[in-house]
Amino acid sequence: MADEKLPKRSEDFSAWYNEVIARAQLAEHSPVRGCMVIRPNGYGIWELMQQALDKMFKDTGHENAYFPLLIPLSFITKEAAHVEGFAPELAIVTKGGGKDLEEPLVIRPTSETIIYSMYAKWVQSYRDLPILLNQWANVVRWEMRTRLFLRTMEFLWQEGHTAHETEQEAEEEAIRMLGVYRAFMYEYCAVPVLIGLKTDSEKFAGALRTYTTEALMQDNKALQNGTSHNLGQNFAKVFDLQFQSRAGTLEYAWNTSWGVSTRMIGGLIMTHSDDDGLVTPPKLAPVQLAIVPIYKTDAEKITVMEAAEEVFREMKAAGIRVKLDDRDSMSPGAKFFDWESKGVPLRMEIGPKDVTNNTVVIVPRVELSKEEPPKPGRKQKLFVGRMELLSRVPQLLERLQSQLLENAIARREANSIRGVTSYDEMAKLIERDAGFIYAGWCGSAECEAKVKEETKATIRVIPVEEFRSEKPPAGCVVCGGAARHEVVWSKSY
RNA sequence: CGGGGCGUGGCUCAGCCUGGUAGAGCACCUGGUUCGGGACCAGGGGGUCGGAGGUUCAAAUCCUCUCGCCCCGACCA
């Protein structure tokens, strides 16, 4: 299909990213600036993400519901920090049915306001708490500059919204869902993330505290791909979300909200894909195995197709997402490139020799360290007996899944620099896109702003203990004052 | 909103400077030969040149306006 080579990551990362998406037919720009059409190959990834996450949400006691797209403008303006944060990116409907509306309606940029206004009606006493809901929805934020998946004006996401009796319960919920995201990123996306707290300047408009998952892309820029907020009582106070407590007093509820979006797909691409095109982790690959039959003569075609169809049925029955590529007008070589650029984890070749030997050839999309190494300069080819397929294919998919995570962790570690103490050194590291830079921070907004101003890097996360360095930093890398936190600096998307 | 670039078959672009029959590669359709890493030959379909106005015997080409897109900067999951 493709007639040219991809741009190389090392030469033009941004052009490479766009081209990977185009080749894999994941998405396209829409006629409206900043919006995106998600094609089946891309939406298939999203559906698999949804399925996995939805189960995780249900398993942690949440239910799905749906709240409307249109929100009264007055709702958004009720919470001061919230308005301030979102005002510049609101899309507002002022006309309906040919007439000016009495009150303009906002197309939701997020649903805190409409949801907590409803919760207020549903909650009388502490017995009505907690409320643990999630919704799958689209939201609109009027962005200046957009990139497919990473930042589009309309995007798909899920937003969880909960209400609790106590601050501690809300805090536990925010952290529990951060943990869910972290597990999802590792186990399904094979995207290793740092987790921790956002600084005040980076937190959600209207939150008490914002927790984040941060991944490092192959160009060494950070991507925030999940957030979980402890909203405190900010929204409860504005929308009268009150309940009678166990002690009989009237109290405001404590809220959390948490979300992940189609941005994760961008993160997936920029984490795993290579100069041959898209790479998808098996758990999120709409097609996990592509079977390419190879034949010359009509007689060969008959026996090869027979074998290929049998393997296809076998794999399908075993629950593998499999495709038999029976396109007659395309050469096998062209099919190899096609499936590679689409990121399919395993490709299977079945030719006359395989039929005779009762074997197949399997080529993994990325090299597997636990399998026989490839010949120099060649792709790794695994010769597998037909009888072993039922055990080997799932095993290879698992190995590929863990290989991707291993590779990504290794890359992140190779591009994480700890113990930076001098501001000049940090500035130089940022200048050459060194990756995640760990350094001390005094906690002042001035020091944070100075770095952003001078280097474009920001504090991505104040990591939880697990991700901190063994030796805590003593001083702030900017002002030299006592360090209150170890933080991770990086340029970001 | 500032700075730069670009709008020509589905895609990537040439043609514009110096006005005169709309082109190429890829993709697509038909037939044949091919097929274990991007096949080849022959034939074929498809474009009011982003839009409007102007100059001219004549505009993809020159002029004016307009719309849209992309890249770089200030805000953001």
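Order of the sequence lines fixes the chain letters, A, B, ..., with proteins taken first and strands second; residue numbering starts at 1 for each chain.
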NZ or CZ of K78(A) within 45° of F75(A) ring axis and under 6.0 Å:
yes
Under 4.0 Å between a side-chain N or O of R145(A) and OP1 or OP2 of G73(B)?
yes
Indicate, with yes or no, if the rings of Y211(A) and F204(A) have centres closer together than 6.0 Å.
no
Pair assignment for C49(B), Watson-Crick or G-U wobble, requiring both distances under 3.5 Å
none
Using centres under 5.5 Å plus planes under 30 degrees as the test, is W157(A) stacked with A77(B)?
no
Under the 3.5 Å rule, do the base of G38(B) and the side chain of D338(A) count as making a donor-acceptor pair?
no
Under 4.0 angstrom, heavy atoms only, what part of the nucleic acid is G351(A) near: base, sugar-phosphate, or nothing?
base
When the C1' atoms of A74(B) and C28(B) are compared, how many Å lie between them, rounded to an integer?
45 Å
Spacing of the P atoms in G20(B) and C62(B) (rounded, Å):
11 Å
How far, in whole Å, is G38(B) from C72(B) if one measures between their P atoms?
35 Å
So, S369(A) versus Q403(A): side-chain donor-acceptor pair below 3.5 Å or not?
yes
For U18(B) and C70(B), measure between their C1' atoms and round to the nearest Å.
30 Å
Any strand counts, and the cut-off is 3.5 Å on both contacts for Watson-Crick or G-U wobble. Which nucleotide pairs with A74(B)?
none
Grab the CD-P distance between E300(A) and C35(B) for me, whole Å please.
9 Å
Looking for any heavy atom pair under 4.0 Å, which part of the strands does L150(A) touch: base, sugar-phosphate only, or nothing?
base
Mate of C13(B) where both pairing distances stay under 3.5 Å, Watson-Crick or G-U:
G23(B)
From CG of D328(A) over to C1' of G32(B), roughly how many Å is that when rounded to an integer?
14 Å
Would you mind classifying the nucleic acid contact of K335(A) as base, sugar-phosphate or nothing, using non-hydrogen atoms under 4.0 angstrom?
nothing
Below 4.0 angstrom from OP1 or OP2 of C70(B), is there any side-chain N or O of H29(A)?
yes
Counting any heavy atom closer than 4.0 Å, what does Y493(A) reach on the DNA or RNA strands: base, sugar-phosphate only, or nothing?
nothing
Could you give the NZ-to-C1' distance, from K342(A) to G38(B), as a whole number of Å?
14 Å
I'd like the C1' distance from G19(B) over to U33(B), given in whole Å.
47 Å
Looking at every strand, decide which applies to N225(A) at a 4.0 Å heavy-atom threshold: base, sugar-phosphate, or nothing.
nothing
Is F336(A) stacked on the base of G37(B), meaning ring centres closer than 5.5 Å and planes within 30 degrees of each other?
no
Mutual orientation of the aromatic rings belonging to F184(A) and Y188(A) [parallel < 30°, tilted 30-60°, perpendicular > 60°]
parallel
If you look at every strand shown and take non-hydrogen atoms under 4.0 Å, does S228(A) touch a base, only sugar-phosphate, or nothing?
nothing
Report which part of the nucleic acid V292(A) touches: base, sugar-phosphate, or nothing (heavy-atom distance under 4.0 Å, all strands).
nothing
Which part of the nucleic acid, if any, lies within reach of E349(A) when heavy atoms closer than 4.0 Å are counted: base, sugar-phosphate only, or nothing?
base
Euclidean distance, atom CH2 of residue W258(A) to atom P of A77(B) [Å, nearest integer]
18 Å
K353(A) atom NZ is separated from C35(B) atom P, nearest whole Å, by 12 Å
W258(A) and F57(A) aromatic centres sub-6.0 Å
yes
Please evaluate the base of G37(B) for a donor-acceptor partner in the side chain of R347(A) within a cut-off of under 3.5 Å?
yes
Measure distances between side-chain N and O atoms of S331(A) and base N and O atoms of A39(B), and say whether any donor-acceptor pair falls under 3.5 Å.
no
Could you work out the separation of A22(B) and A60(B) based on their P atoms and round it to a whole Å?
8 Å
Could you tell me whether the side chains of Y493(A) and D219(A) share a donor-acceptor contact shorter than 3.5 Å?
yes
Say you pick atom C1' in U21(B) and the same atom in U61(B); how far apart are they, in whole Å?
15 Å
What does C62(B) pair with, Watson-Crick or G-U, if both distances are under 3.5 Å?
G54(B)
In whole angstrom, what separates F204(A)'s CZ from A77(B)'s P?
9 Å
At less than 4.0 Å, is any side-chain N or O atom of K296(A) found next to OP1 or OP2 of G36(B)? Yes or no.
no
State whether F336(A) and R347(A) meet the cation-pi test: NZ (Lys) or CZ (Arg) under 6.0 Å from the six-membered ring centroid, and within 45° of the perpendicular axis.
yes
What nucleic acid atoms does K456(A) come within less than 4.0 Å of, heavy atoms only: base, sugar-phosphate, or nothing?
sugar-phosphate
Evaluation steps, side chain to side chain contact (heavy atoms under 4.5 Å, CB included), between R141(A) and F155(A)
CA-CA 8 Å; R141(A) 298 179 186 178; F155(A) 57 92; 4.0 Å; yes
Between C69(B) and C29(B), how many Å separate the two P atoms, rounded to a whole number?
32 Å
